[in-house]
Amino acid sequence: MASTVEELVARAEALALDVDLTGVAAWKEADPARRVVGYLPVFVPIEIITAAGMHPVGIIGGTDQVEIIRGDAYFQSYICHIPRSVVELGLSGRLDVCDGFLFPSTCDVIRNMSGIWKLEFPDKYVKYVDVPQNFDPEIGGNWWRHEITSLRADLEKLGEIEITDESMWTAIALHDENRRLLRNLYDLRSERPWLAPTSEVYLMQRAGLVLPVQEHNELLREYTEAATNSDRPLMDNSRIVLAGAFCEQPPLGLLRTLERAGCWIVDDDLLLGPRMITEPIIDPEGPVGDPVDALVKAFLDKAAAASFIYIDEKVKGAELADMVDKRQAEGVIFAAPSFCDPALLDRPMLARALDERGISHISMKYSENTGQFQTIREQAGTFADALKLWSDA
Amino acid sequence: MTETVPAQRDASMALQKKILGEHYHALAQAPETGAKTAYTFVPGNLTELIRSFDMLPVLPEINALQSGMRKQSGDFVREAEKLGHSEDVCTYVKCDIGMLKGGNIGPTGEHIPDPDLLLLSYTGCFTFMKWFELLKQEYDCEIAMLHVPYQGGGEITQEMVDYIVRQLEESVIPKLEKVTGKSFDEDAVSERLALSAQAEEDFVYVLESAKHRPSPIDGYFGGVFYIGPIFSAFRGTQAGIDYYQALRSEVDARIAAGKGPVTPAGEVTDERYRLVVEGPPNWTHFREFWKMFYEENAVCVASTYTKVGGLYDRGFRHDPSKPLESLARYCLGCYTNLNLPQRVDLISDYVREYSADGFLINSVKSCNSFSAGQLVILREVEERTGVPGGFIESDLVDPRYFSAANIKNRLESYLQMIEQRRQPVGATG
Ligand code: SF4
Ligand code: SF4
């Protein structure tokens with residue numbers, strides 16, 4: 001019998017909150033040849049890990065569950081929270097299941113953490129993944145091809161395997177499907193947010209960080225179907241887009257608070273990494289040519305705008321404003337982690353773009369372990385009311 | 001460096017003041033003379049290339065630190081925060097935005113012209129990218145991006161070099177040509193690189209003079225003045241060569257006379273502590289900060305901050321025979337582009353090579369590039385060298401984050417700790 005929405009949400013929540021990675025450990029124990037590779041936010045070519053037959057694990061910190069005992073001795077008070085909780089996870093042995101770690105070029109903190117990991121965990125494979133900031137296929141494209149190829153070679157060594165082109169295409173197809181399912185779910189949420197509220201959609205995404213992609217796809221399918229067919233009553237909240245939460249994640253309580261305060265989040269940049277590529281990598285006619293070329297091209301042509309990717313000839317904030325239009329949202333809530341340079345330095349530019357298009361916005365900061373939501377509730381409630389007033393006027 | 005120079009009488013200091021003054025004047029005159037300006041950053045700067053197009057470089061970081069020393073940065077930072085910039089982010093950026101909104105008056109009191117080109121050399125810090133994206137919204141001008149990969153694996157690879165050279169050829173140089181209407185002249189760049197290499201020799205000689213006992217220089221507080229020309233607009237110029245020659249002879253004279261470093265209060269005559277320092281200095285209370293050291297006869301014999309514009313002391317020289325490749329290797333090698341294990345190695349080597357009694361980290365709130373991981377550096381270097389590490393916190397140009405009493409306390413207890421470690425085993429106090 002098909003699971004109910006409630007059962008699926010409970011399952012996703014258990015996975016999302018499994019900071020001990022017990023599910024991943026069980027997967028690994030089933031076969032001594034299995035390998036697990038963790039990746040930090042935001043963007044890595046996750047397909048290579050899957051193609052290697054390994055389990056990719058998204059490491060996004062300790063949320064509000066992990067007590068920081070040693071992590072604070074690693075970072076000054078004016079650095080965001082995620083690195084200290086990731087270090088805590090590492091030092092407490094909760095990441096022992098990972099054989100390797102990828103640190104992408106998101107910001108100086110994650111960049112420097114790659115070095116901390118080399119020093120603290122010398123037995124683990126550690127790679128800094130340097131995403132290109134030049135988008136000429138012959139220049140930045142070549143660089144990205146080189147990064148992907150070297151990652152592929154490293155994982156071959158780590159797993160003592162060969163990653164064939166065939167397994168690459170299979171992995172790309174699985175992740176294409178994953179992104180398609182996520183886009184579908186986002187569409188459903190935008191069309192009928194009362195059926196698939198963010199507090200649930202987000203858990204479905206989070207579960208994907210600790211599941212093999214095939215299983216995650218299955219969960220997404222089941223939830224989307226169950227949510228679509230559920231008979232939840234229509235609720236008329238204000239429609240907002242959430243921006244700035246692409247790396248350190250807000251606590252679940254914050255998302256729930258926004259919803260309770262009268263905001264439907266109809267689009268966001270939460271857990272952006274696995275959704276960065278916005279269109280299928282494989283052409284409708286099927287795979288052609290070299291899979292590495294396909295990954296390179298996807299990054300150059302199909303990546304979402306993000307703070308850590310150079311804006312180049314594009315217009316800062318245009319994509320966010322377009323998202324607001326597409327989702328028929330009424331406003332934007334900038335919710336950024338405290339001390340997050342990429343999000344906070346972007347904010348004035350994004351705000352300017354929204355102002356130019358007459359889109360309302362408010363701004364708040366959080367940390368993954370924020371526990372008090374009263375102020376946020378009041379701020380979001382006032383904003384939601386104001387949006388309603390304007391849209392009714 | 002204009003009137004913010006400490007009370008040194010040396011000829012080299014006067015020379016530096018003169019060439020910087022002339023540079024700012026040339027910038028102020030640019031609208032009349034038609035000279036084009038390129039705004040760019042210290043780490044990974046392409047001064048020889050910029051100058052080969054007869055463009056004048058402007059370094060917003062230097063403007064910001066000058067504003068800090070001139071006590072103007074607090075107002076600039078607050079102005080930017082009023083405009084919506086977060087209190088959490090790098091204060092250099094906010095200081096620059098505040099200065100811009102206040103009319104862009106440079107440290108000599110003259111106006112700094114708008115950029116014709118924003119040359120975004122993305123070396124060692126992500127904030128640079130955001131900074132120039134922000135400036136791009138303010139100015140209607142060309143922007144060129146140069147992505148310099150990070151030494152995540154602890155080495156410079158040929159792929160990295162090739163990637164940068166291709167960007168220079170296909171993206172940066174065409175922008176320079178477009179903005180100036182001039183063609184790229186490789187020989188002109190090579191000639192300048194040869195001049196750079198000459199100055200670099202003398203510069204390294206000066207830095208390494210601190211291996212003497214007593215050290216004739218302070219490699220941090222004095223060092224920030226010594227790096228001025230070579231880290232900014234004067235690499236590849238005769239003025240740069242003249243400055244470092246003058247400085248070198250002064251240092252030679254000090255060594256011969258067995259003299260310690262010059263400070264705003266005179267010479268250090270009784271070198272008591274030899275320290276290696278990691279991290280940038282605070283600029284808003286620079287003199288007060290320095291005083292805390294020289295009053296205790298603590299001399300900074302080596303520092304990492306003086307390597308943000310290149311690790312010349314580890315052997316790098318600009319190479320006229322391979323101009324673009326040499327620029328690429330230069331960009332890749334700047335200090336904040338090193339990974340953490342490399343930084344630990346470097347600081348540990350400095351402790352040994354400079355016979356330091358300890359090393360001190362000045363952790364600045366603004367700069368994640370420097371600061372994230374410094375507590376790990378502290379433990380690792382202590383473990384490897386056996387000398388005590390100290391840790392103080394401040395900021396670059398936000399005066400709200402300079403707590404003099406706190407820093408002084410910490411520094412004093414740290415120096416006491418060094419003192420105690422010096423006691424022979426078994427000695428009692
Ligand atoms: S929260 Fe922001 S500053 Fe912190 S690691 Fe993530 S991107 Fe970097
Ligand atoms: S973060 Fe650090 S390196 Fe980057 S601009 Fe600010 S002070 Fe400079």
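Atoms considered below: every heavy atom in the structure, side chains included; atoms not considered: hydrogens, waters and symmetry mates. Chain identifiers are assigned alphabetically (A, B, ...) following the order of the sequence lines, protein sequences preceding nucleic acid strands; residue numbering begins at 1 within each chain.
At most 12 heavy atoms of other shown residues, nucleotides or ligands fall within 6.0 angstrom of atom CD in A:Gln372. In the displayed structure, A:Lys297 atom NZ is contacted under 6.0 Å by at most 12 heavy atoms of other residues, nucleotides or ligands.
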Residues B:Met145, A:Asp312; criterion side chain to side chain contact (heavy atoms under 4.5 Å, CB included); working and verdict: CA-CA 8 Å; B:Met145 156 64 106; A:Asp312 204 22; 5.7 Å; no
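Put simply, CD on B:Gln374 and CD on A:Gln76 are 5.5 Å apart, with the number rounded to the nearest 0.5 Å. Rounding to the nearest 0.5 angstrom, the gap separating the CD atom in A:Glu120 from the CD atom in B:Glu380 is 6.5 Å. Between the CG atom of A:Asp130 and the CE atom of B:Met160 there is a distance of 7.0 Å, given to the nearest 0.5 Å. In this structure, the separation between CD on B:Glu170 and CD on A:Glu138 is 9.0 Å, given to the nearest 0.5 Å. Interatomic distance, OH of A:Tyr310 versus NE2 of B:His147, reported as 12.5 Å (0.5 Å rounding). Note that CD1 of A:Ile139 and CD1 of B:Ile164 are 12.5 Å apart. Values are rounded to the nearest 0.5 Å.
Of the candidates A:Leu345, A:Asp341, A:Leu344, B:Ser86 forms a side chain to side chain contact (heavy atoms under 4.5 Å, CB included) with just one, namely A:Leu344.
Heavy-atom distances place the backbone of A:Val131, and not its side chain, under 4.5 Å from chain B. Interface remark: A:Glu313 contributes side-chain atoms only to the contact with chain B (heavy atom separation under 4.5 Å). Residue contact with chain B, scored on non-hydrogen atoms closer than 4.5 Å, is absent for A:Ile110. Neither the backbone nor the side chain of A:Pro83 has a heavy atom closer than 4.5 Å to any heavy atom of chain B. For B:Leu120, the part sitting under 4.5 Å from any heavy atom of chain A is the side chain, from C-beta outward, and nothing else. For A:Ser363, no part lies under 4.5 angstrom from a heavy atom of chain B. For A:Ser307, the parts lying near chain B are the backbone and the side chain together; criterion is any non-hydrogen pair under 4.5 Å.
Salt-bridge formation is detected for the pair A:Lys365/B:Asp88: a Lys NZ or Arg NE/NH1/NH2 atom is positioned less than 4.0 Å from an Asp or Glu carboxylate oxygen.
Across all non-hydrogen atoms, the minimal contact from B:Leu375 to A:Tyr74 is CD1-C, 3.6 Å. B:Gly373 approaches A:Phe75 most closely through the heavy-atom pair N-CE2, 4.2 Å. Considering every non-hydrogen atom in both B:Leu340 and A:Asn112, the closest pair reads CD2-O, 4.0 Å. Residue B:Glu133 comes nearest to A:Ile311 through the heavy atom pair OE2-N, 3.0 Å, listed as atom of the first residue, atom of the second, then distance. In plain terms, the two heavy atoms of A:Gly140 and B:Tyr163 that are nearest each other are CA-CE1, 3.7 Å.
Ring geometry, B:Tyr150 versus A:Tyr128: the interplanar angle exceeds 60°, so the pair is classed perpendicular (tilted spans 30 to 60°).
Between A:Phe308 and B:Phe126, the distance from one ring center to the other does not fall under 6.0 angstrom.
The choice from A:Val126, A:Ile309, A:Val129 that makes the most heavy-atom pairs within less than 4.5 Å of chain B is A:Ile309. Interface summary for chain B: among A:Ala351, A:Pro132, A:Pro342, the most heavy-atom pairs under 4.5 angstrom belong to A:Pro132.
Counting only distance, with no hydrogens or angles, the side chain of A:Arg352 and the backbone of B:Gln137 share a donor-acceptor pair below 3.5 Å. A:Arg111 places a side-chain N or O within 3.5 Å of a backbone atom of B:Gly124 that can act as its donor or acceptor partner.
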